[in-house]
Amino acid sequence: MRTLALALAALAPLPALAQDEPPRIARMAVQVEEKSIPELAAMLAAGTISSEELVRAHMDRIEALDRKGPKLNSVIAVMPGAIEEARARDADRKRGDVRGPLHGIPILIKDNIEAKGPVPTTAGSTALLNNVTDRDAPLVARLRAAGAIILGKTNLSQWANIRSDNATSGWSSVGGLVKNPYALDRNSCGSSSGSGAAGAASLAAATIGTETDGSVTCPASTNGLVGFKPTVGLVSRTHVVPISHSQDTAGPMARSVTDAALVLTALAGSDPADPATAEADARKTDYAAGLSADYLKGVRIGVLRDRTGNNARVQAVFAGALDWFIAAGAELVEIEESRTGLESLGEAEFKVLMVELKADLNAYLASTPAAVKHRTLKDIIAFNAANAATELAWFDQGLFDLAESQKGLDDPEYIEALAKSKRLAGAEGIDKLMKTHDVRFLIGPSNAPAWVSDLVNGDNGSGPSQSQMPAIAGYPHITVPMGYVAGLPIGLSIIGGAWQDHDVIKAGYAFEQASQARVAPGYASTADAAAEPIQR
């Protein structure tokens with residue numbers, strides 16, 4: 001019951017200040033909205049702000065925008081030890097021990113990622129309210145080692161949006177429905193919806209999401225952020241509630257490419273407990289190094305013309321983005337038929353995800369504390385049925401049921417589907433397209449405008465998406481803001497080959513510098529009430 005009380009308390013307004021703490025009005029004077037990590041680091045280095053004040057300022061924004069005001073519902077919990085951790089980083093700084101550009105910088109992590117402390121890792125389900133492991137996922141340990149402060153946990157699409165075909169992205173039984181800060185009636189996309197909304201609203205300097213297929217890039221794009229899905233194996237997945245060991249990865253979400261690169265530099269590295277990361281130490285680098293506005297000069301880029309969707313306004317925004325690529329010196333190559341031969345890719349991916357969901361979630365649940373009574377996917381299905389008023393109020397668990405019926409990782413049908421999906425997305429997909437057209441990157445619109453959230457009918461989004469091929473192949477994919485439709489953000493996707501993470505980030509940075517497209521959210525009640533930002 002203790003952990004249940006802690007989890008529910010995390011949803012309440014932040015506690016009142018103790019008498020010995022600075023007055024709230026003084027802390028509200030600290031302006032952190034839209035501040036980049038280098039700007040915050042410079043303030044800390046100059047002594048114009050302490051890390052403790054920085055953490056408190058972000059807590060104030062959480063209280064003002066997430067708990068009150070527009071009530072974004074993007075943050076499930078604030079870590080009780082965040083202020084003490086900030087004080088420790090301030091003490092380090094006074095001794096001259098600064099660990100790097102993230103020293104003293106507050107970061108929010110998605111609530112399927114474990115972190116030390118009394119806050120449970122719930123994956124958005126009340127079935128895991130007792131999942132207090134008090135252990136850092138290796139990616140969290142790396143952030144702490146870089147000096148970052150884990151400010152709290154973000155809301156998400158429950159179970160990372162893999163429970164039902166009829167789900168509403170951004171809803172969880174623990175955190176409620178995440179609202180898009182650009183238009184509050186609109187969806188923030190799944191499953192890292194809370195990380196997207198929180199990042200856009202400057203509730204932390206940056207956030208961490210996880211992706212199986214589109215769950216970093218879609219919420220980043222829909223919330224006007226840079227989102228980076230790295231090569232699978234660059235970032236550890238240990239102690240992260242899983243879907244698929246073939247496709248899962250964590251990645252940074254931030255308001256600029258530089259910020260995302262700084263966070264990725266801390267995240268990347270090998271983990272003996274995650275065999276997929278065996279090459280990570282040899283592959284990782286300083287991803288913020290060598291970023292240049294001139295990077296795209298003379299670079300051939302493939303335009304995925306058949307993946308731009310049917311929305312004329314999205315296509316117009318994309319046309320403007322292509323002009324910026326040309327202005328930056330890139331050579332654009334039209335690709336009219338990128339789907340030929342890949343017709344069965346989705347079917348193969350789906351088989352893989354269903355089999356791996358059962359196997360991987362069972363393995364994770366077996367590692368949780370004894371207080372977690374649900375040790376298998378079958379147990380979770382039974383829990384949901386027994387608590388239908390809470391867990392199944394808005395949509396079913398059809399995908400869970402289907403996953404439970406799968407035979408296992410030694411099933412020949414699964415083995416065949418895995419090999420087929422990797423081949424189609426990689427060698428016969430991205431690799432073939434880049435080789436055939438002699439291009440270094442592939443680009444297309446990341447998304448259509450965010451749809452109206454509808455818990456009764458579920459998601460009704462439509463439009464382009466570039467996530468599937470890089471997600472299945474395990475290749476890097478970045479989304480960068482490229483414009484707006486009726487005040488709703490539209491992202492530009494850049495896809496590269498295996499382990500070309502740094503190159504993709506460099507390309508994203510050069511596009512960002514050419515376009516300067518990002519506009520801060522206005523928290524309009526609806527998209528109709530949002531003024532169309534001026535295109536630059």
Next on the checklist: Arg237 and side-chain hydrogen bond (donor to acceptor under 3.5 Å, both in side chains): which single residue from Asp274, Asp360, Thr249, Asp248 fits?
Outcome noted: Asp274

Item to check | Side chains of Glu512 and Ser256, donor plus acceptor under 3.5 Å | outcome: no

Checklist entry - So which heavy atom on Pro101 is nearest to which on Ala41, and how close? => result O-CB, 3.9 Å

Item to check | Residue pair Phe350 / Leu402, side-chain heavy-atom distance below 4.5 Å | outcome: yes

Checklist entry - Can you check side chain to side chain donor-acceptor pair (under 3.5 Å) on Tyr475 and Gln500, steps first, answer last? => result CA-CA 8 Å; Tyr475 292 179; Gln500 292 180 340; over 6 Å; no

Checklist entry - Of Asp213, Val232, Thr212, which is the lone residue that meets side chain to side chain contact (heavy atoms under 4.5 Å, CB included) with Ser244? => result Thr212

Checklist entry - Would you say the side-chain atoms of Asn223 and Ser188 include a donor-acceptor pair closer than 3.5 Å? => result yes

Checklist entry - Around atom CD of Glu337, are there more than 12 heavy atoms of other residues, nucleotides or ligands at under 6.0 Å? => result no

Next on the checklist: Between His477 and Ile494, does the side chain to side chain contact (heavy atoms under 4.5 Å, CB included) criterion hold? Intermediate values first, please.
Outcome noted: CA-CA 6 Å; His477 175 191; Ile494 304 174; over 6 Å; no

Checklist entry - How close do Val519 and Tyr484 get, heavy atom to heavy atom, and via which atoms? => result N-OH, 2.6 Å

Item to check | Glu349 versus Gln247, side-chain donor and acceptor atoms under 3.5 Å | outcome: yes

Next on the checklist: Restricting to side-chain hydrogen bond (donor to acceptor under 3.5 Å, both in side chains), what partner residues turn up for Thr154, sequence neighbours left out?
Outcome noted: Ser195

Next on the checklist: Rounded to the nearest 0.5 Å, what separates atom OG1 in Thr526 from atom CG in Leu488?
Outcome noted: 9.5 Å

Item to check | Glu416 atom CD, neighbour heavy-atom count above 12 within 6.0 Å | outcome: no

Checklist entry - Do the side-chain N and O atoms of Asn161 and Ser169 include a donor-acceptor pair separated by under 3.5 angstrom? => result yes

Checklist entry - Around atom CD of Glu33, are there more than 12 heavy atoms of other residues, nucleotides or ligands at under 6.0 Å? => result yes

Item to check | Shortest non-hydrogen contact between Glu343 and Arg339, atoms and distance | outcome: OE2-O, 3.8 Å

Checklist entry - Can you list the steps and then say if Leu322 with Ile443 is a side chain to side chain contact (heavy atoms under 4.5 Å, CB included)? => result CA-CA 9 Å; Leu322 297 182; Ile443 63 171; 3.7 Å; yes

Checklist entry - Under the 3.5 angstrom rule, does the side chain of Ser36 hit a backbone N or O of Glu39 as a donor-acceptor pair? => result yes

Item to check | Side-chain touch Lys153/Val75, heavy atoms, less than 4.5 angstrom | outcome: no

Next on the checklist: Show the nearest heavy-atom pair for residues Gly269 and Thr277, with the distance to one decimal.
Outcome noted: O-CB, 4.0 Å

Checklist entry - Tell me the ring pair (Phe, Tyr, Trp, His ring centres under 6.0 Å) pairs involving residues 279-309, sequence neighbours left out? => result Tyr287-His502

Checklist entry - Is there a side-chain contact between Met354 and Ile162, using heavy atoms and a 4.5 Å cut-off? => result yes

Checklist outcome for this item: Rounded to the nearest 0.5 Å, the CG atom of Asn155 sits from the CG atom of Leu108 at a distance of 11.5 Å

Checklist entry - Under a 4.5 Å cut-off applied to non-hydrogen side-chain atoms, are Val439 and Met434 in contact? => result yes

Item to check | Sub-4.5 Å side-chain heavy-atom contact between Ser515 and Met482 | outcome: no

Checklist outcome for this item: Of Lys407, Lys351, Lys420, the one forming a salt bridge (charged side-chain N to carboxylate O under 4.0 Å, His left out) with Glu413 is Lys351

Item to check | Residues Asp66, Ser74; criterion side chain to side chain donor-acceptor pair (under 3.5 Å); working and verdict | outcome: CA-CA 6 Å; Asp66 212 66; Ser74 67; 2.6 Å; yes

Checklist entry - Side chains of Ser493 and Ser446: do they bring a donor and an acceptor to under 3.5 Å? => result yes

Checklist entry - Closest approach of Leu234 and Pro230, non-hydrogen atoms and distance? => result CD2-CB, 3.8 Å

Next on the checklist: Is there a side-chain contact between Tyr523 and Leu72 in this structure, where contact means two heavy atoms from C-beta onward sitting under 4.5 Å apart?
Outcome noted: yes

Checklist entry - Under the disulfide bond (SG atoms under 2.5 Å apart) rule, what pairs show up with a residue in residues 171-217, not counting sequence neighbours? => result Cys189-Cys218

Item to check | Reported CZ-to-OG distance for the pair Arg307 and Ser465, which is rounded to 0.5 angstrom | outcome: 9.0 Å

Item to check | Donor-acceptor pair, side chain of Thr436 and main chain of Leu433, under 3.5 angstrom | outcome: no

Checklist entry - Is a donor on one side and an acceptor on the other found under 3.5 Å between the side chain of Ser191 and the backbone of Ser157? => result no

Next on the checklist: Distance check, rounded to the nearest 0.5 Å: Tyr364 atom OH versus Ile243 atom CD1?
Outcome noted: 13.5 Å

Next on the checklist: I'd like to know if the side chain of Lys297 reaches the main chain of Ala328, judged simply by a donor and an acceptor atom lying under 3.5 Å from each other, with no hydrogens or angles considered.
Outcome noted: no

Checklist entry - Roughly how far, to the nearest 0.5 Å, is the CG atom of Leu264 from the CD1 atom of Ile208? => result 9.0 Å

Checklist entry - Is Arg142 reaching over with its side chain to a backbone N or O of Ala268, donor-acceptor style, under 3.5 angstrom? => result yes

Item to check | Evaluation steps, side chain to side chain contact (heavy atoms under 4.5 Å, CB included), between Val257 and Val480 | outcome: CA-CA 8 Å; Val257 175; Val480 181; 4.1 Å; yes

Checklist entry - Do Lys110 and Ser192 have side-chain N/O donor and acceptor atoms under 3.5 Å apart? => result yes

Checklist entry - Is a side-chain N or O of Arg313 found less than 3.5 angstrom from the main chain of Val485, in a donor-acceptor match? => result no

Next on the checklist: Checking the side chain of Arg255 only, and the main-chain atoms of Lys35 only, is there a donor and an acceptor separated by less than 3.5 Å?
Outcome noted: yes

Next on the checklist: Side chains of Asn187 and Ser453: any donor to acceptor distance under 3.5 Å?
Outcome noted: yes

Checklist entry - Would you say Thr265 and Lys284 make side-chain contact, with heavy atoms under 4.5 Å? => result no

Item to check | Donor-acceptor contact below 3.5 Å, side chain Gln315 vs main chain Gly309 | outcome: yes

Checklist entry - With a 4.5 Å heavy-atom cut-off, do Ile495 and Val504 have their side chains touching? => result no

Item to check | Ser338 backbone acceptor or donor facing Asp306 side chain under 3.5 Å | outcome: yes

Checklist entry - Taking it one step at a time, do Val240 and Leu139 satisfy side chain to side chain contact (heavy atoms under 4.5 Å, CB included)? => result CA-CA 9 Å; Val240 179; Leu139 73 88; 4.1 Å; yes

Checklist entry - Between Arg305 and Glu336, is the closest basic N to carboxylate O distance under 4.0 Å? => result no

Next on the checklist: So which atom in Ala260 and which in Ala254 form the shortest heavy-atom distance, rounded to 0.1 Å?
Outcome noted: N-CB, 3.7 Å

Next on the checklist: Under a 4.0 Å threshold between the charged nitrogen and the carboxylate oxygen, would Glu279 count as salt-bridged to Arg283?
Outcome noted: yes

Checklist entry - About how many Å separate CG of Leu296 and CZ of Arg440, when rounded to the nearest 0.5 Å? => result 9.0 Å

Checklist entry - Does Thr168 reach the main-chain N or O of Asp454 with its side chain, forming a donor-acceptor pair under 3.5 Å? => result yes

